[in-house]
Structure formats: structure tokens, C-alpha cells
Amino acid sequence: MISTSNISLRFGKKALFEDVNIKFVPGHCYGLIGANGAGKSTFLKILTGEIEPTSGEVIITPGERLSFLKQDHFQYDEYTVLDTVIMGNQRLYEIMKEKDAIYMKEDFSDEDGIRASELEAEFAEMNGWEAESDAASLLNGLGVETDFHYSLMKDLNGSLKVKVLLAQALFGNPDILLLDEPTNHLDLDAIAWLEEFLINFDNTVIVVSHDRYFLNKVCTQIADIDYAKIQLYAGNYDFWYESSQLIIKQMKEANRKKEEKIKELQEFIQRFSANASKSKQATSRKRALEKIELDEIKPSSRKYPYIDFRPDREIGNEVLTVEHLSKTIDGVKVLDDISFIIGREDKVAFVGSNGLAKTTLFQILMGEMEPDEGTYKWGITTSQSYFPKDNTKDFDCDDIIVDWLTQYSEIKDATYVRGFLGRMLFAGDDGVKKVRVLSGGEKVRVMLSKLMISGANVLVIDEPTDHLDMESITALNNGLIKFPGVLLFSSRDHQVVQTTANRIMEIVNGKLIDKVTTYDEYLENDAMARKRTIYTTEGMDSDN
């Protein structure tokens, strides 16, 4: 168990947390939520001891091991992948290394033998003999293939490093598991595996995530940070949202009734305070009036942007025709004879673990890359706007936000352009910030402003939810659902894909799988197909 006693954290006069008392117990997965800047990651660092609170203390049950998802992708560059995972249980790793050092000695003394015996006993007690197989199992589940297990961490790409560090946090059945944005950079298959792992995990989990579907799937409690306090709610994210809205509604209704009562008492006092026969009643009502206190209803610190994609013209029947597209990158054929036709009602989600294939296809369709073979043709009534996965080159300039966005607007009026920035929560002096210095989340919100101001009837969007907070993701989700044009997009947010797409495409080994279906139906059919394959294979093996 882990708990806090009167935790406060202040930066000057500003209090990020004030006298927080909260208890996290085994058997529950707690979703830690709150607006950007509310202090979610900071609170996790307080729990780990990485940040010292201004006052108060963190209490962990003696003997319990805490594990935390590391964010430093270079800390383990000189270690192998398997060793990095096993280091999630630091004591076990130290035993393994000390044992190896003793057994490599040429002069093996009696003292060495005694020490080795002690280490072997502790090693066995910690299930050390299963350490490598357990680590390999975690890596395989997250999609890190066996070929990489003995590679050095520095030889892995960023996405694989994230998976290895997540496996490290999960390794060795920690008593307390803290996860800060564990689904970032994970493909949907890896996210699904992590969901099942956490559902079956019996100890204490505290997780920060902007993925609403993920929180709904794994959380049994929600810890909501608002106004420097943390309030616990039973249930998952959707239940928290409904409960929090209901509480506000009930408080408003209670206040309305109190206000009616106040008005009634005030009218009686005003009418009869000068009436001798009614003076006692008037005095009694004055006392009653003084006792009535309205509930203080603070508006949430959360701010929701307003995202509304409105095409300037209606789209025709001919939207996009792709014929026999192929593309090889670094010797790998990421697109292999891809063909499809997009209709005017299509909202297509490109899913699957091959992010390079999806991004390559989008870049080709937007004219940023040439295919090796094949053609594509946009309909004459279409206009496209593109949200790239990597926006580095888009912001590689010294423009201020207003000037940068104006170049994409047909109406070159600063007030008009600022209106679109205002929708994305850029207010006042924000408009004169240079785009080069914007944070990741700010850049995404500016890119979404660009999509809105374009008036395009076709949106091509590659992983838009990275760097966005929960409120912005919710607003984007609603905007995509309402969008009357054609949508081609990829996203790791399950709920965005499920609620938006009416057609699913997956590129596997360069080939296209194309289904007119919802995402959940696609996953269900895919799971059934895999089971049939396993059953068939096992049947063939048994016959042999």
C-alpha cells in the first residue's frame, strides 16, 4: 500500500498540491487524471521520491517494492535489452551480477563459496531462474521480437526503447506500479496486451494516461486532480465523468432550492419586520436565513477547445483512386501493390503496428513522397488538408503563430485568424509566440487550427492525439465525428478509431487489408481468424 499524509508542493506563492491525503491499496488500478499542468506527472514523482514535497510525507508499506516507468531513453544504452528489463528488479539484477563475478574467479575461496551459496538461496527465493524467460515473455507480449533481446539498447529505435522500458517497469511483479503515459508510442496490439496485463495484475497500479478507452478498460478507481486537491471516485473514467457531472448538477439543484428559500424568507422579513404581531416570526426567519449557506461550486480547471471542421464546398462522388502503389524504404517494401477507391461517405482508419507504412502512404497521397510504382488521383471536387505525424519542418521558422496560420487562410485578416486560435485555447499574447518555441501540445493545437481554417473537404491525419491532453482529445474526437467530409487517419486512441471510422484498412507486410466495418468488429473478426489459424495449425501438428 502507498499513501500520502498532508502532501503539499509549492512553487513560490503557487500551490500545486495542498494537504493531499490519499490512500492507494492493492487490487485496484487508479487512473490519475487532471488538466494539463494540474501536476499528474509531478505527483507520481513525489510518490517515487524523485521530487521532495514542500511538506507532508509518502508512506509505503515496509518491504514493498515500487516500480516506475522510466522516461530517460538513453540511461540504459550500454546494456542489453534483457538486462535492462531485469534491472526493473534492481536487487535481483545485483545478485545475478555478483554471482557471475564470483563464478568467474580463478581463485575460488571458501568465503566465495559461502557467499555464492547465500546468493543462490536469495536468487531462488526471488524466482531468479525464471527471470530471463519472464523478461522475454514481457518483451514478446509488447511486440519486441526475440531477435532484439540480446541487442544493446542504443541500437534500438525510439518505439522499441519505450516498450523495453515498459517491460522493465512491469518486470518481477512489483507491489506498487506507477505508469506515466504507458501507451505513448505503443501500437494498438501492444496497448491491448498491456490492458490484459493490468486487468490481471493483483497489486497496486497508478496510471496517468490520455487514452480514455485504456482508462475505461483497466481502471477500478479514478483519482481526479483539480484545484490542488485529489478526489477519489469509484469506477472507470466514464463513471467518473458521469459522477462528477451528477455531483455538480446536484449541487446546483441544491443551491437553486436554497436560493428560493432565501428569497421566500427575505420577502417575509421585508413584509412583516415592522409588524408587531409578526415580529417574532420575522426574527425567527432572520435566524433561519443566516444559517443558509450556498454550496461553493468551483468551475473545473479543465478547458475544452472547440474543434469544428467545416468544408468550404461539398465533395463529389469521385474522391480518390489508388492503383498499384509500391514503395521500398531502406530495402524494405513497406507498400506492395496497394490499390483502393475512396467514396464520399468514407472515414477510413489505417490501423496496425506498421506506422512507417501508414505514414509513407499519407506522404505519397499528399505529394510529399514519390511512389516507386503505381498512381493515385484525387477527384476534382476535393481539397485536402494534412496533419503529419512529424511536424518539425512545418515549424522550422521564426514566424509568430498568427502569421504562420494566416498563410493557410484565404481570408488574410488577423482578427479572423485569431478566432481559430482562440478555439484552440490560444488567448491574448499567445498569438505573438514564435512557432519554433511552442511545446509539443501547442504545436498540435496550431496544426488543428490549420486544418479548421483550410476549409478542406478531405482530411488526412497521422497520429493527431500525441501530446494532447484528455480535453483536447475529447474535442478532437467530437470534431471528427461531426466532420461531413472524407477522412483518412491513423490513431493509437481506440475510442477515436471506434467512434469515427466506418472503414478499416491495415497494411501487413506491405499488403492492404480493407474492411467496411467498425474497429471493434474488425478486432473481433481478426481475433477469431487468429484462433482459427492456431486451431488449424495445432490440428496439423497433432496429425503429424
Side-chain angles (χ1 to χ4, degrees), residues 2-4 6-11 14-24 28-48 50-51 53-54 56 58 68-69 71 176-184 198 204-248 251 296-305 424-425 439-442 444-445 465-478 493 495:
I2 183 169
S3 61
T4 67
N6 297 317
I7 288 287
S8 295
L9 182 67
R10 298 181 186 88
F11 299 102
K14 182 186 176 184
L16 191 59
F17 298 108
E18 195 72 55
D19 295 326
V20 172
N21 294 283
I22 192 167
K23 185 184 294 184
F24 302 102
H28 286 288
C29 179
Y30 298 86
L32 187 63
I33 65 170
N36 267 7
K40 300 183 292 293
S41 296
T42 301
F43 185 71
L44 290 187
K45 289 177 181 177
I46 290 174
L47 294 181
T48 65
E50 190 174 332
I51 292 178
T54 307
V58 175
F68 184 38
L69 175 58
Q71 299 296 335
I176 302 160
L177 178 60
L178 308 183
L179 300 174
D180 191 359
E181 297 292 354
T183 62
N184 277 4
L198 294 179
T204 305
V205 183
I206 307 172
V207 59
V208 172
S209 177
H210 292 144
D211 188 327
R212 295 159 297 163
Y213 181 90
F214 178 76
L215 291 177
N216 279 330
K217 197 82 183 285
V218 304
C219 291
T220 58
Q221 302 264 325
I222 294 294
D224 178 34
I225 303 177
D226 213 352
Y227 294 105
K229 300 291 184 182
I230 304 181
Q231 177 70 43
L232 275 181
Y233 294 81
N236 61 15
Y237 177 79
D238 281 349
F239 193 81
W240 161 81
Y241 183 79
E242 292 170 5
S243 300
S244 60
Q245 295 303 303
L246 180 61
I247 289 170
I248 293 172
M251 290 174 70
E296 183 183 7
I297 305 175
K298 288 185 178 180
S300 174
S301 59
R302 292 175 172 82
K303 294 182 180 179
Y304 289 83
M424 295 307 300
L425 307 180
S439 68
E442 288 174 326
V444 170
R445 286 190 280 127
T465 60
D466 289 356
H467 306 294
L468 288 183
D469 59 20
M470 193 89 75
E471 293 71 41
S472 297
I473 292 172
T474 300
L476 173 61
N477 197 170
N478 293 336
D493 189 297
Q495 192 161 334

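Here the structure is a predicted model, which is why all the values come from computation and not from measurement.
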Hey, are the side chains of F17 and I46 touching, using non-hydrogen atoms and a 4.5 Å cut-off?
yes

Can you measure from NE2 (H28) to CD (Q221) and round to the nearest 0.5 angstrom?
5.0 Å

Gap between atom CG of D224 and atom OH of Y30 - 0.5 Å precision
15.0 Å

Is any side-chain heavy atom of F214 closer than 4.5 Å to a side-chain heavy atom of P182?
yes

Spell out, as yes or no, whether a donor-acceptor pair under 3.5 Å connects the side chain of N21 to the backbone of N6.
yes

Examine the side chains of D469 and S472 and answer whether a donor and an acceptor come within less than 3.5 Å of each other.
yes

So, for G39 and L16, which heavy atoms are closest and what is the spacing to 0.1 Å?
CA-CD2, 4.1 Å

Rounded to the nearest 0.5 Å, what separates atom CG in L179 from atom SG in C29?
8.0 Å

What closest approach, in Å, do L232 and K23 show between heavy atoms, and which atom pair accounts for it?
CD1-O, 4.0 Å

Using the side chain to side chain contact (heavy atoms under 4.5 Å, CB included) rule, pick out the option among L47, V58, T54, D19 that qualifies with I7.
V58

How many angstroms lie between atom CG of L44 and atom CG of L69, to the nearest 0.5 angstrom?
10.0 Å

Going by heavy atoms in the side chains, are R10 and E18 under 4.5 Å from each other?
yes

Minimum heavy-atom distance between E181 and S209, given as atom pair plus value:
OE1-CA, 3.5 Å

With a 4.5 Å limit on heavy-atom distance, are the side chains of I33 and Y241 in contact?
no

Apply side chain to side chain contact (heavy atoms under 4.5 Å, CB included) to residues E471 and K303 and explain how you reach the verdict.
CA-CA 7 Å; E471 293 71 41; K303 294 182 180 179; over 6 Å; no

Enclosure of Y233 OH (heavy-atom neighbours >12, cutoff 6.0 Å)
yes

Measure the spacing between CZ of F239 and CD1 of I222 and express it to the nearest 0.5 Å.
11.0 Å

Report yes if some heavy atom in the side chain of L215 is under 4.5 Å from a heavy atom in the side chain of V207; otherwise report no.
yes

Using a 6.0 Å cut-off, check whether atom NZ of K229 has over 12 heavy atoms from anything other than its own residue.
yes

Can you check whether V20's main-chain N or O pairs, donor with acceptor, with T4's side chain at less than 3.5 Å?
yes

What one should report as the nearest heavy-atom pair of Y304 and L425 is O-CD2, 4.0 Å

If you compare all heavy atoms of K40 against all heavy atoms of H210, which two are closest, and at what distance to 0.1 Å?
CE-NE2, 4.1 Å

When every non-hydrogen atom of I230 is compared with those of I225, the smallest separation belongs to CG1-CG1, 3.8 Å

So, T465 side chain and D493 main chain: donor-acceptor pair closer than 3.5 Å or not?
no

Find the distance between CD1 (I22) and CG (L32) and round it off to the nearest 0.5 Å.
8.0 Å

I2 side chain reached by I206 side chain, heavy atoms, under 4.5 Å:
yes

